[in-house]
Amino acid sequence: MKKNLVNILAIETSCDETAAAVLRGDLASKDPSFQTLSSVVKSQIKIHSPFGGVVPEVAARAHVASIKPVVEKALKDAFPKLKANSYNLKANLDYIAVTSGPGLIMSLLVGVEFAKGLSFATGVPLLPVNHMEGHLFSPFGLNTIDNSQLTIHQSKIGSSQRSNVKGQMSTIQYPILSVVVSGGHTMLVLQKSESHYKVLGSTVDDAAGEAFDKVAKLLELPYPGGPEISKLALEGEANIDFPRPMLDKPNFDFSFSGLKTAVLYYLQGRFPQGKKLKNKAKGGLHHYNFGHIPKKAKADIARSFEEAVVDVLVTKAMRAVKKYNCKTVTLAGGVAANSRLRETLQVKCQMLNVTCVVPEFKLCTDNAEMIAIAAYIKLRAKEKTPPYHKVKADSSWEI
Ligand code: KG4
Ligand code: ZN
């Protein structure tokens, strides 16, 4: 292997996915140049579904059960000749990267402590990575050392598949405006160069994904709510005029809490028989029950709500593009899986003659490949690894 090529094992356990990935990247190339050798994601959706949302204690226990098999699978996929129980990881890995925040503290601790143990036992240096930096850099995920020969091993536990994809670095030009939308965050980020970025604005209350999840609960849709709303919205019409919060403000901040309340008030107006259920844990919109809401009414609400979220996100993003003369727009985070958001952003970018890079679905929701990419970008920027024992989980680490 060329001297400047490094292998990075990344571990991600910040919420309800146990994930590991191996990336090989060139630290000396002019532009980011890397190949994903493996990516494994073990979802906990089935475990949390009966509760209607992620239960932190349950999530942490599931990470404890999954972390070893997930990391082993990622290593095996990346290095098929490795023999189980006799790994010489020092010979194959140059860095271990781990998500150390933000996220659920008990879940983060599982990944962080596992990674520290691995680093201690093997002597491979450990790099803490911010989960949101993972999302931010995930659109670089199709870049490759050699486009003609790229093979990505994308695997779920128990099944592996391969796919060939083309690199896209040539299409990414700075400055970049990144729209980062997840379950916990909503941010517009200006990337001036590979190693310099600035958060232009973020949400002052609920994140976009959180609003999707809460409105899904009001409509009594299963968890996770985002994909359910977007599926239902396909059958509805945008015929309800929900508010576009903060659109009249000249800044790049967002607020989605009022929009969710507007949906609640709309439901209360249309279905007055609905009531707040008693004998449940305190607070929380999901404790409303509106009885039977016809499917068409639900679909129209879903579509109109989705339209309002997309309108606010895309309009503010385009304002930032114009203000900072951005050449590229990237979209990242779980909500980037929303097809209306993807399409609308692409259309508006086309109108401004700006390149729009939207990652594959597997790179939108939580995964370890994006953590490996962020680690690689940080290493290219000469970031030093701290002693492994100094790496700590930080549930509210902000970028
Ligand atoms: O990035 P992510 O996987 O986890 C966090 O870091 O939060 O994002 C999860 C969020 C959830 O709120 C989920 O409902 C939302 O992304 N989401 C979607 C879609 N798929 C996932 N929201 C809208 N439309 C979708 N298709
Ligand atoms: Zn995330």
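For ligands, and for the atoms within them, numbers begin at 1 and follow the listed sequence. Computed from a predicted model, the values in this text were never measured in an experiment.
- In the hydrophobic clustering of ILVMFWY residues, with side-chain heavy atoms under 4.5 Å counting as a link, M132 and V204 come out apart.
- In this structure, the side chain of S119 engages the main chain of V124 through a donor-acceptor pair within 3.5 Å.
- N338 ND2, 3.1 Å is the protein heavy atom nearest to atom 24 (N) of ligand 1.
- Of all protein heavy atoms, the one closest to atom 22 (N) of ligand 1 is G226 CA, 3.4 Å.
- Excluding water, every protein N/O/S atom under 2.8 Å from the Zn ion (ligand 2) is given here by residue and atom: H131 NE2, H135 NE2, D366 OD1.
- Remark: Y388 engages F120 in a ring pair (Phe, Tyr, Trp, His ring centres under 6.0 Å) (not counting sequence neighbours).
- By the 4.5 Å side-chain criterion applied to Ile, Leu, Val, Met, Phe, Trp and Tyr, V58 is assigned to a cluster that also includes I47, F51, V55.
- Contacts between D213 and ligand 1, counted as non-hydrogen atom pairs separated by less than 4.0 Å, involve the side chain only.
- Contact atoms of ligand 1 toward T365: 3 (O) (distance under 4.0 Å to a heavy atom of the residue).
- Taking hydrophobic clusters as Ile, Leu, Val, Met, Phe, Trp and Tyr residues chained together by side-chain heavy-atom distances below 4.5 Å, L27 shares a cluster with I8.
- Of the charged side-chain nitrogens involved, none lies within less than 4.0 Å of a carboxylate oxygen, so that E72 and K76 do not count as a salt-bridged pair.
- Looking only at atom types and distance, the side chain of S396 has no donor-acceptor partner in the side chain of E398 under 3.5 Å away.
- Taking the six-membered ring where the residue is Trp, the centroids of F305 and F212 are separated by under 6.0 Å.
- The shortest heavy-atom distance from H135 to ligand 1 is under 4.0 Å.
- Between F254 and F256, the ring planes lie parallel to each other; the angle is under 30°, not in the 30° to 60° tilted range.
- With a 4.0 Å cut-off on non-hydrogen atoms, S230 touches ligand 1 through its side chain and not its backbone.
- Here H185 has no heavy atoms under 4.0 Å from ligand 1, in either its backbone or its side chain.
- Shortest contact from atom 3 (O) of ligand 1 to any protein heavy atom: D366 N, 3.1 Å.
- Closest heavy-atom approach to atom 10 (C) of ligand 1 among the candidates G183, G103, A216: G183.
- Annotation for ligand 1: atoms under 4.0 Å from non-hydrogen atoms of G209 are 12 (O).
- By the side chain to side chain donor-acceptor pair (under 3.5 Å) test, S49 is found to be paired with no residue, residues two or more places apart in sequence or in another chain being considered.
- Note on E235 versus K298: no salt bridge recorded, every NZ/NE/NH1/NH2 to OD/OE distance being 4.0 Å or above.
- Shown in contact with H131 at under 4.0 Å from a heavy atom are these atoms of ligand 1, numbered in order with element: 6 (O).
- Heavy atoms of G184 approach ligand 1 to within less than 4.0 angstrom.
- Ranking protein heavy atoms by distance to atom 20 (N) of ligand 1, first place goes to G334 O, 3.4 Å.
- Between K73 and D77 there is a salt bridge, since a side-chain N of the basic residue sits under 4.0 Å from a carboxylate O of the acidic one.
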